[in-house]
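Below, chain A is the first sequence line, B the second, and so on; all start at residue 1. All values reported here derive from a predicted model rather than from experimental measurement.
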Amino acid sequence: MIEQVKGTRNIANDDSAKFLHVKNTFINKFSDYGYKYIQTPLLEYKELFDKSIGESSEIVTKQMYELKDKGGRDLVLRPEGTSSVVRYHAEFNKDNTSKYSYFGSMFRYENPQKNRYREFNQAGAEIVGLIDIYSDFQIINDSLNFINNLLPGTTLKINTIGSIEDREAYVKVLYEYFSKNKEKLSNESLEKIENNTLRILDSNNSEDREIISNAPTINEYINTHSKENFESLLRLLDNSQINYEIDFSLVRGLDYYNDLTFEFHTEESVVVGGGGRYDNLAKILSIGDFNGVGVAFGVERIMNLLSEIKISSKYYLLGTNIDNLTKYSKILDENNINYNKPSRVSKENAQFKEAKKLNAEYLINADEDTIKNLITNETEAFDIEVILEH
RNA sequence: GUGAUCGUAGCUCAGUUCGGUUAGAGCGCCUGGUUGUGGUCCAGGAGGUCGCGGGUUCGAAUCCCGUCGGUCACCCCA
């Protein structure tokens, strides 16, 4: 038996309807809001993510699917979507400001568990170009409208992490603080002191809790401009009656963020999406000097929280005579009626069972020239005019 | 990368402790009949490299080692 590749998923059976529901809702909503759907390649140069996500991030150091193609190029299966959108924008749309939405597979090599797979789908939106606080606001506002349509009760957590320079200064202070308190830190956190100091802050380890709670907060190191922006954004949210929770420990996994970071938490405390501002990403990639703000949702995380979606076919065409079946198919097709039918000419009882299983409303019997309402159990002579009126 | 746990029919599982005829059940599927109060019922049937590889043994679904995969947690993250 050849089994599936570890961490990949087959979207089939009950998942199919959920997947399509999430995808259609996302694309329709964001397209109504004016975001242009974009599909970028699954393959990108490794360099794109080395530079954008940052060499200190685990995504780059451990989790990328890397491959060399036959021309010797260093490629990766994309681990996230923002970098590709920004690459596209710089190449084909540089001087404009655009809203983009995307939907598709991302790849990260890590051990699978609930809500985390090696190939997973992200639904994302970006505003790239010349942007301001209103751009930040609408990414959050549009995201909340989308996610609360699927998962009511999902809430916003928000933070500002200041400029990249602020963060560098803060990391230095934090490094000194943790170095002085090394003996109180857990082994896991000790490993992070040199390369990933910031991440010690969101350790769940009980040993670390006290030392973290007394650590200097980033708040003191954030420049006044960033602070003012954050406060105006919070005012915009207040005015729109959007609830939020400020969480100073909210840092994102990707290095390119500055100022705004946010996450969406469901009632079950699952983080189904997150995003932030990335004003320096184009500069980091040396492809331009424009800004951006974006969001990404974990499609499987949303799917795992949806209750079962039942799909039904309104009409089911039944028959044990192939000529009768094809005759009725022609009539129905010509009148643009969607209907289901048996995969082959099987026994009548089996066809009837299938029609019931698929929650069909009407059963067209090609052998008897009748149509039966399966809810009221009334049978009458088949008449295409009656169907067209349904 | 680390740890726990599982893998027997399409699905859910029994059998594994303590090795022993031909590996079972329910559901689903197929055929014939029955049924128009049509999902029922009756009869028959198909379907299994016991995840894979190696080892121990007269003999392995069962014991040992390895490996692949599922689930969950840590790390990390959407």
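- When heavy atoms are screened at a 4.0 angstrom cut-off, A/G81 is found touching no nucleic acid atom at all.
- Pairing for B/rA43 is with B/rU31, a Watson-Crick or G-U wobble pair whose two hydrogen-bonding atom distances lie under 3.5 Å.
- Under the Watson-Crick or G-U wobble criterion, with both distances below 3.5 Å, B/rU37 has no partner in any strand shown.
- Here the separation of B/rU56 from B/rG19, taken at their C1' atoms, is 11 Å to the nearest Å.
- As judged by a 4.0 angstrom heavy-atom cut-off over every strand, A/Q63 is placed among residues touching the sugar-phosphate backbone only.
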Heavy-atom protein contacts under 4.0 Å, nucleotides 32-43 of chain B, coded B base, S sugar-phosphate only, - none
BB--B-BBS---

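- Ring to ring, A/Y315 and A/Y362 are close: their centroids are under 6.0 angstrom apart.
- Side-chain atoms of A/K114 lie closest to B/rC72 of the nucleotides B/rG69, B/rA78, B/rC72.
- Scored by the ring-ring contact (aromatic ring centres under 6.0 Å, His included) test, A/Y328 finds A/F382 as partners (sequence neighbours excluded).
- Residue A/V299 is classed as having no contact, given no heavy-atom separation below 4.0 Å to the nucleic acid.
- For the pair A/K29 and A/F146, the NZ or CZ position fails the cation-pi test of under 6.0 Å to the six-membered ring centre and within 45 degrees of the ring normal.
- The base of B/rC75 sits within donor-acceptor range of the side chain of A/R116, with an N or O pair under 3.5 Å.
- Considering only side-chain atoms of A/Y109, the nucleotide from B/rG1, B/rA78, B/rC30 that sits closest is B/rG1.
- OP1 and OP2 of B/rA78 both lie 4.0 Å or more from every side-chain N or O belonging to A/Q122.
- Taking atom CD1 on A/I59 and atom C1' on B/rA78, their separation rounds to 9 Å, with Å as the unit.
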For nucleotides 2-7 of chain B, read 5' to 3', which letter fits each nucleotide if B means a protein heavy atom sits under 4.0 Å from the base, S means only the sugar-phosphate is that close, and - means neither?
B----B

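- For residues 286-300 of chain A, the side-chain hydrogen bond (donor to acceptor under 3.5 Å, both in side chains) pairs, not counting sequence neighbours, are A/N121-A/E300.
- In this structure, B/rU62 forms no base pair with any nucleotide, since neither Watson-Crick nor G-U wobble geometry is met with both distances under 3.5 Å.
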For nucleotides 9-11 of chain B, give me every protein contact, N/O to N/O, under 3.5 Å, one pair per line with atom names.
none

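- Within residues 12-38 of chain A, no residue has any heavy atom closer than 4.0 Å to RNA chain B.
- On the C1' atoms, B/rC68 is 7 Å away from B/rC52, given to the nearest whole Å.
- Rounded to a whole angstrom, the distance from the C1' atom of B/rA60 to that of B/rG70 is 24 Å.
- Note: A/Y170 and A/Y221 have tilted aromatic rings, judged against thresholds of 30 and 60 degrees for the angle between ring planes.
- Across all strands shown, B/rG26 forms a Watson-Crick or G-U wobble pair, both distances under 3.5 Å, with B/rC11.
- Base contact: A/N115 has a heavy atom under 4.0 Å from a base atom.
- For a distance-only test at 3.5 Å, the side chain of A/E119 fails to qualify as a donor-acceptor partner of the base of B/rA78.
- The pairing partner recorded for B/rC72 is B/rG3, the criterion being a Watson-Crick or G-U wobble arrangement whose two distances lie under 3.5 angstrom.
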